[in-house]
Q: 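Sharing a structure with you now.
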Amino acid sequence: MQLFRKPDDLRAWIAGQRQSNQRIGFVPTMGNLHAGHHSLIDLARKRCDVVVASVFVNPTQFGVGEDFARYPRTPEADAAGLQAHGCDALFLPDVDAIYPFGAEQGVRVRVAQLGDILEGASRPGHFDGVATVVAKLFNLVQPDLAVFGSKDFQQLLVVRRMTADLAFPIEILGAPIVREPNGLAMSSRNQFLDARQREQASVIHQTLLWMRDRWRGDGQTRAETEGAARDRLAESGLQPDYAVVRRSEDLGAPAPGQVSGLVALIAARLGSVRLIDNLQFDD
Ligand code: PAF
């Protein structure tokens, strides 16, 4: 596996791949890779001739008081895992390489509305940081296909919208959520949970399943379903931020009687850890 720290070196290698008509798959990450990330590499591997991953803890998507400083950084283990999954190149830039005018200066990409609700409302500016760094990485890597996990469902929609609106000729593939045996969605933040909290956190997935079944079942209103879901989370010791049913296309409110094309999304705090998860009703 090739390792690049400088954008120019990555670009030169990519140019060579393009000249040999290689189809390029890209998996952007913030590192601390787990089985969920490896499944994205495996998907890219199946669909492309060469696979590039990036590991970059992006400062602009963290708000004040969020966990940028303590975000786990494990580059050696990440590189070993990527290599084991057949990744061809790892881009490991420093902050100056991505933000040559400084992380607080320079261009910002903003996906209005879609980036302002739910996670965007709880974490103002978060999706501006995500859209900005993904646009920069797309310009550097110029992939044919980019793979994102659907655990960050709103992020996936924001990236799709940004890609379409800025006319990047890139296919965006959403990969299925990888879960622990108890249903907890895999996340780098899970390592901040102790064994008891990991069990406690499985209520998030159970509540998503319950929301889906209740939605299909007994004609409760959306407000009743969402309120009851928040109660379930709170009764299990979590502090819910939101538990909602939305259209999976654009996260708008479902029409009365709508049963397909929906997604339930939950964000909740357990101790100091903020967890998110979702369930698409059509899956
Ligand atoms: O999902 C992530 O790991 C990050 O938000 C991403 C897409 C790599 C952008 O920094």
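Remember, it's 1-based here, ligands and their atoms both numbered in the order they're listed.
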Q: Anything under 30° is parallel, anything over 60° is perpendicular, the rest tilted; go ahead and classify Y99 against F56.
A: tilted
Q: Could you check whether Y242 and E119, counting side-chain N and O atoms only, form a donor-acceptor pair closer than 3.5 Å?
A: yes
Q: For ligand 1, find each of its N or O atoms that sits under 3.5 Å from a protein N or O atom, and tabulate the pairs with distances to one decimal place.
A:
unit_1: ligand 1; atom_1: 1 (O); unit_2: Q155; atom_2: NE2; d: 2.8
unit_1: ligand 1; atom_1: 5 (O); unit_2: Q61; atom_2: NE2; d: 2.9
unit_1: ligand 1; atom_1: 5 (O); unit_2: Q155; atom_2: OE1; d: 2.7
unit_1: ligand 1; atom_1: 10 (O); unit_2: Q61; atom_2: OE1; d: 2.6

Q: Using the side chain to side chain contact (heavy atoms under 4.5 Å, CB included) rule, pick out the option among I177, L156, I266 that qualifies with N278.
A: I177
Q: Can you label the angle between the F4 ring and the W13 ring as parallel, tilted or perpendicular, going by 30° and 60°?
A: tilted
Q: Which pairs count as side-chain hydrogen bond (donor to acceptor under 3.5 Å, both in side chains) when at least one residue sits in residues 259-272, sequence neighbours excluded?
A: none
Q: Any side-chain donor paired with an acceptor under 3.5 Å for D88 and Q17?
A: no
